[in-house]
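In this chain, numbering begins with 1 at the start of the sequence shown. Just so we're clear, the structure is a prediction, and the values are computed from it rather than from any experiment.
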Amino acid sequence: MILEHALLAIKPGESAAFEAAMARARPLIAASPGFRSIAVRKACDSPDLYLLLVEWDDIASHRDGFRQSSRYAEWRAVLHPFYDPMPVVAYFGESL
């Protein structure tokens with residue numbers, strides 16, 4: 001199992017619209033082969049910062065599967081306009 005991590009900095013004042021967009025986007029990622037789960041958490045001390053955690057079977061399921069799919073094009077169209085700056089994605093392995 002691989003854990004994808006990204007900090008999502010949302011344009012000021014756009015958090016409510018981002019949350020609604022994320023609700024629409026979740027089924028796009030959930031339909032991907034190798035997808036296990038998704039969690040999006042809002043920062044306690046910053047109203048426009050979110051933590052995205054996605055569990056995948058492996059990195060290829062995300063990078064070569066979802067990111068190369070038409071579902072990712074839709075995900076990008078729905079969510080990417082909210083980001084400033086664009087998030088950096090990192091992958092983490094099994095728990096120690």
Side-chain angles (χ1 to χ4, degrees):
M1 189 276 300
I2 295 296
L3 182 63
E4 172 195 355
H5 162 282
L7 288 175
L8 310 177
I10 305 304
K11 294 174 184 173
E14 298 280 328
S15 290
F18 166 74
E19 290 177 16
M22 179 57 76
R24 291 191 313 272
R26 280 177 186 257
L28 297 170
I29 197 170
S32 299
F35 170 85
R36 292 187 178 196
S37 70
I38 184 172
V40 182
R41 297 187 182 212
K42 191 170 189 166
C44 296
D45 56 357
S46 181
D48 300 315
L49 184 64
Y50 294 79
L51 172 63
L52 171 70
L53 298 171
V54 183
E55 290 183 324
W56 296 97
D57 286 344
D58 50 40
I59 293 173
S61 295
H62 177 243
R63 197 174 46 208
D64 304 328
F66 178 59
R67 283 222 169 158
Q68 301 301 318
S69 73
S70 61
R71 289 181 316 284
Y72 180 71
E74 291 179 60
W75 169 279
R76 188 176 56 234
V78 170
L79 296 175
H80 284 204
F82 293 101
Y83 304 148
D84 186 27
M86 287 300 293
V88 174
V89 172
Y91 302 102
F92 297 84
E94 296 290 331
S95 297
L96 300 178

Of the non-hydrogen atoms in [X] and [Y], which two are nearest, and what is the gap between them?
| X | Y | result |
| --- | --- | --- |
| Ser32 | Trp56 | CB-CZ3, 3.9 Å |
| Tyr83 | Pro87 | CD1-CD, 3.4 Å |
| Arg71 | Pro33 | NH2-CD, 3.8 Å |

To the nearest 0.5 angstrom, please state how far the [atom1] atom of [X] sits from the [atom2] atom of [Y].
| X | Y | atom1 | atom2 | value |
| --- | --- | --- | --- | --- |
| Glu4 | Ile29 | CD | CD1 | 6.0 Å |
| Tyr50 | Ser15 | OH | OG | 3.5 Å |
| Ile10 | Leu49 | CD1 | CG | 8.5 Å |
| Met22 | Ile38 | CE | CD1 | 5.0 Å |
| Met1 | Ser37 | CE | OG | 7.5 Å |
| Ile59 | Ile2 | CD1 | CD1 | 4.5 Å |

- Query: How are the rings of His80 and Tyr72 set to each other: parallel, tilted or perpendicular (split at 30° and 60°)?
  - Reply: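 Judged by the thresholds at 30° and 60°, the geometry between His80 and Tyr72 is perpendicular.
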Give a yes or no on whether [X] and [Y] share a hydrophobic cluster (residues Ile, Leu, Val, Met, Phe, Trp, Tyr; joining criterion: side-chain heavy atoms under 4.5 Å apart).
| X | Y | result |
| --- | --- | --- |
| Leu8 | Val88 | no |
| Leu53 | Phe35 | no |
| Leu7 | Met86 | no |
| Val78 | Val40 | yes |

- Hey, could you give me each pair passing salt bridge (charged side-chain N to carboxylate O under 4.0 Å, His left out) that has a residue in residues 41-64? Not counting sequence neighbours.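 Output for this query lists Glu19-Lys42, Arg36-Asp57.
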- Pair Tyr91 + His62: ring centers closer than 6.0 Å: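 Distance test on ring centres: under 6.0 Å, yes.
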- Task: Test Glu14 against Phe82 for side chain to side chain contact (heavy atoms under 4.5 Å, CB included), laying out the working first.
- Result: CA-CA 7 Å; Glu14 298 280 328; Phe82 293 101; 3.5 Å; yes
